[in-house]
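Working notes, beginning with the structure itself.
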Amino acid sequence: EPSWGVGMLYEHVALLRRDGFAACVLHHRRPFRPFWRTLDEPLGYLDDRDYSPTADDLLVVPEILAATDAAVTFPGRRIVFVQGSFLVLRGLGGRDGYPDLGYRAAMAVLPHVAHVVERHFGLGATLIPPFVAPLFFERHETERREQRVLLVSKPGYAAAGLPDEPIAASLLERAIARRPTWRF
């Protein structure tokens, strides 16, 4: 399912590789590749015969996958990457916090998410701010872009009772109202 949360993982791997780290995106089964994003990042697969992580390896796990067998049995260090605090409970698999699963560090994308992780789930969280990747601005030089903002949220947000979409819509409508050439 297209997701910027997944996109962030790919972008982080690209940044790590640019800075000289041997990083890859690890998926459960071959031949998975996101169809919605061009890839240069190397991919690894848990079901490959030559997949053999060591105690020297580091695995960064999205919050929704924190309690999966592949994450919990990983022999190296593990960090949980919390992008959506509303997914934490689902990803903990019934545990009270990340230390119960063997995690010793966390990353969070926003200050309030870091606070939730620290206050309720047992780990200090390093803030890793979200960003908009250059791929969102790629276009052909001959194309003129409309000045338009589209707001699309995942159905799970509303189903979970989260007010994200109405709040974002209200903020965007006010900001766009001050820009007569823009549409929302």
Side-chain angles (χ1 to χ4, degrees), residues 1-135 154 156-157 160 162:
E1 176 178 328
S3 161
W4 182 233
V6 171
M8 286 277 288
L9 299 174
Y10 278 86
E11 291 296 326
H12 283 181
V13 166
L15 291 170
L16 287 167
R17 292 189 67 78
R18 184 194 70 199
D19 289 343
F21 291 91
C24 75
V25 177
L26 186 60
H27 289 290
H28 285 94
R29 286 180 294 288
R30 185 175 291 280
F32 178 82
R33 293 179 75 85
F35 66 89
W36 49 271
R37 185 180 184 286
T38 57
L39 299 172
D40 291 325
E41 299 79 32
L43 300 179
Y45 299 93
L46 293 173
D47 64 351
D48 279 355
R49 279 182 279 194
D50 59 351
Y51 171 71
S52 56
T54 70
D56 293 329
D57 291 326
L58 171 68
L59 181 67
V60 177
V61 181
E63 74 284 297
I64 193 69
L65 301 176
T68 60
D69 287 341
V72 173
T73 60
F74 187 80
R77 294 170 294 148
R78 289 174 285 132
I79 295 174
V80 63
F81 183 27
V82 183
Q83 295 188 63
S85 57
F86 77 99
L87 295 171
V88 169
L89 288 175
R90 191 177 327 162
L92 281 171
R95 308 307 193 304
D96 288 333
Y98 291 114
D100 293 349
L101 292 167
Y103 289 88
R104 297 292 173 250
M107 300 184 316
V109 295
L110 296 168
H112 74 278
V113 172
H115 181 71
V116 166
V117 172
E118 291 171 357
R119 184 167 184 174
H120 301 290
F121 299 107
L123 290 179
T126 300
L127 189 61
I128 308 292
F131 59 92
V132 179
L135 69 95
K154 292 183 181 181
Y157 286 102
L162 299 171

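These numbers were taken from a predicted model, which means no experiment stands behind them. Along the sequence shown, residues are numbered consecutively beginning with 1.
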Tyr45: ring pair (Phe, Tyr, Trp, His ring centres under 6.0 Å) partners, not counting sequence neighbours
none
Roughly how far, to the nearest 0.5 Å, is the [atom2] atom of [Y] from the [atom1] atom of [X]?
X	Y	atom1	atom2	result
Leu46	His28	CG	NE2	5.5 Å
Leu127	Leu110	CG	CG	7.0 Å
His12	Met107	NE2	CE	6.5 Å

Testing the basics here: between [X] and [Y], what is the closest heavy-atom pair and its distance to 0.1 Å?
X	Y	result
Ala71	Ala66	CB-O, 3.8 Å
Tyr51	Leu26	OH-CD2, 3.6 Å
Gly44	Cys24	N-SG, 4.2 Å
Val60	Pro62	O-CD, 4.0 Å

Under the salt bridge (Lys or Arg N to Asp or Glu O under 4.0 Å) rule, what pairs show up with a residue in residues 66-86, not counting sequence neighbours?
none
Mind jotting down which residue pairs meet the salt bridge (Lys or Arg N to Asp or Glu O under 4.0 Å) criterion with at least one end in residues 15-31? Sequence neighbours excluded, please.
Arg30-Asp48
Taking CZ in Phe21 as the centre, count heavy atoms belonging to other residues, nucleotides or ligands within less than 6.0 Å. Is the count above 12?
no
Got a sec, which residues hit side chain to side chain contact (heavy atoms under 4.5 Å, CB included) with Ala108, two or more places apart in sequence or on another chain?
Val113, Ala114, Ala125
Does some side-chain heavy atom of [Y] sit less than 4.5 Å from a side-chain heavy atom of [X]?
X	Y	value
Leu123	Pro99	yes
Pro53	Leu59	no
Tyr103	Val61	yes

Given the rule in the side-chain contact (heavy atoms from CB on, under 4.5 Å) test, do Val109 and Met8 qualify, once you have shown the distances and angles that lead to the verdict?
CA-CA 10 Å; Val109 295; Met8 286 277 288; 4.3 Å; yes
The criterion is side chain to side chain donor-acceptor pair (under 3.5 Å); which residues satisfy it with His115, sequence neighbours excluded?
none
Return all side-chain donor-acceptor pairs below 3.5 angstrom for residues 79-97, not counting sequence neighbours, or 'none' if the list is empty.
residue: Gln83; atom: NE2; partner: Gly5; partner atom: O; Å: 3.0
residue: Arg95; atom: NH1; partner: Gly93; partner atom: O; Å: 3.4

